[in-house]
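To keep things clear, I will list the structure first and then write my remarks on it.
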Amino acid sequence: MPRSTSWTDDRIEILTQLWRDGRSASAIARELGGVTRNAVIGKVHRLGLSGRATPARPGTRRPRAPKAERPAARSRRMPVAKPWPVVVEPVPLAGTSDVASIGPHMCRWPIGDPRADSFALCGRAAVRGAYCAPHGAIAYRPTAPDHLLRLAGLR
DNA sequence: CCCTGATTCGC
DNA sequence: GCGAATCAGG
């Protein structure tokens, strides 16, 4: 028994039969064992078995470029779905008002842990709804364009 | 990414 | 003759 798998007559016959059956090269290689699909394809060609009954060979093989590396085709396309800009403004580190002293036109943005004594509300002039400009920028984030929300199943 | 066969060429 | 590497595609 040959320890290196070789193309013995019987293996060639199996190969021929399976190939005519339309089995793929890799399937044949697995069936035979000890050979790769490349080996099978190579043998098929050497045997002159290549074109099958109805091969349907659309593309003709390229003569193989001498040695050039592929230029990695540049495609110009629109930049896709960059995150829309989120404005980050400086935010006051500490609040100046507590819930009792907060007025109607003062920023109600909570600062700190509500359970802590240091808890406060921002208290700056409210210019966007209940909040000052920087807190309003956080509270009223721009939403995604409608079509994107639809794509995401959020509408 | 998986897969297909085709081709080249050093061994 | 052999088949890995590499190719063009599906």
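Throughout, protein chains are lettered first and strands after them, A, B, ... in sequence-line order, and every chain is numbered starting at 1.
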Please report the distance, rounded to the nearest Å, between [atom1] in [X] and [atom2] in [N].
| X | N | atom1 | atom2 | value |
| --- | --- | --- | --- | --- |
| Ile28(A) | dC3(B) | CD1 | C1' | 15 Å |
| Ile41(A) | dC3(B) | CD1 | P | 13 Å |
| Arg23(A) | dG5(B) | CZ | P | 11 Å |
| Leu15(A) | dG1(C) | CG | P | 15 Å |
| Arg46(A) | dC2(C) | CZ | P | 5 Å |
| His45(A) | dA4(C) | NE2 | C1' | 15 Å |
| Asn38(A) | dT7(B) | CG | P | 14 Å |
| Arg20(A) | dG5(B) | CZ | P | 16 Å |

Using only side-chain N and O atoms of [X], determine if any of them is under 4.0 Å from OP1 or OP2 of [N].
| X | N | answer |
| --- | --- | --- |
| Ser26(A) | dT4(B) | yes |
| Lys43(A) | dG1(C) | no |
| Trp7(A) | dG3(C) | yes |
| Thr36(A) | dG3(C) | no |

Quiz item: What are the two closest heavy atoms between Trp19(A) and Leu49(A), and how far apart are they?
Solution: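 Smallest interatomic distance, heavy atoms only, reads NE1-O, 3.2 Å.
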Exercise. Might you point out which heavy atoms bring Arg108(A) and Leu121(A) nearest each other, and give the distance in Å?
Key: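 Minimum heavy-atom separation between Arg108(A) and Leu121(A): O-CD2, 3.5 Å.
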Exercise. Classify the side chain of Arg37(A) and the base of dG3(C) as holding, or not holding, a donor-acceptor pair under 3.5 Å.
Key: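 By the distance-only test, no, there is no pair.
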Quiz item: If you measure from the Lys or Arg side-chain nitrogens to the Asp or Glu carboxylate oxygens, is any gap between Arg115(A) and Asp113(A) under 4.0 Å?
Solution: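 Yes, charged N to carboxylate O under 4.0 Å.
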Practice problem: Would you please classify the geometry between the Trp109(A) ring and the His135(A) ring as parallel, tilted or perpendicular, with 30° and 60° separating the classes? | Solution: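 The rings of His135(A) and Trp109(A) lie parallel, inter-plane angle below 30°.
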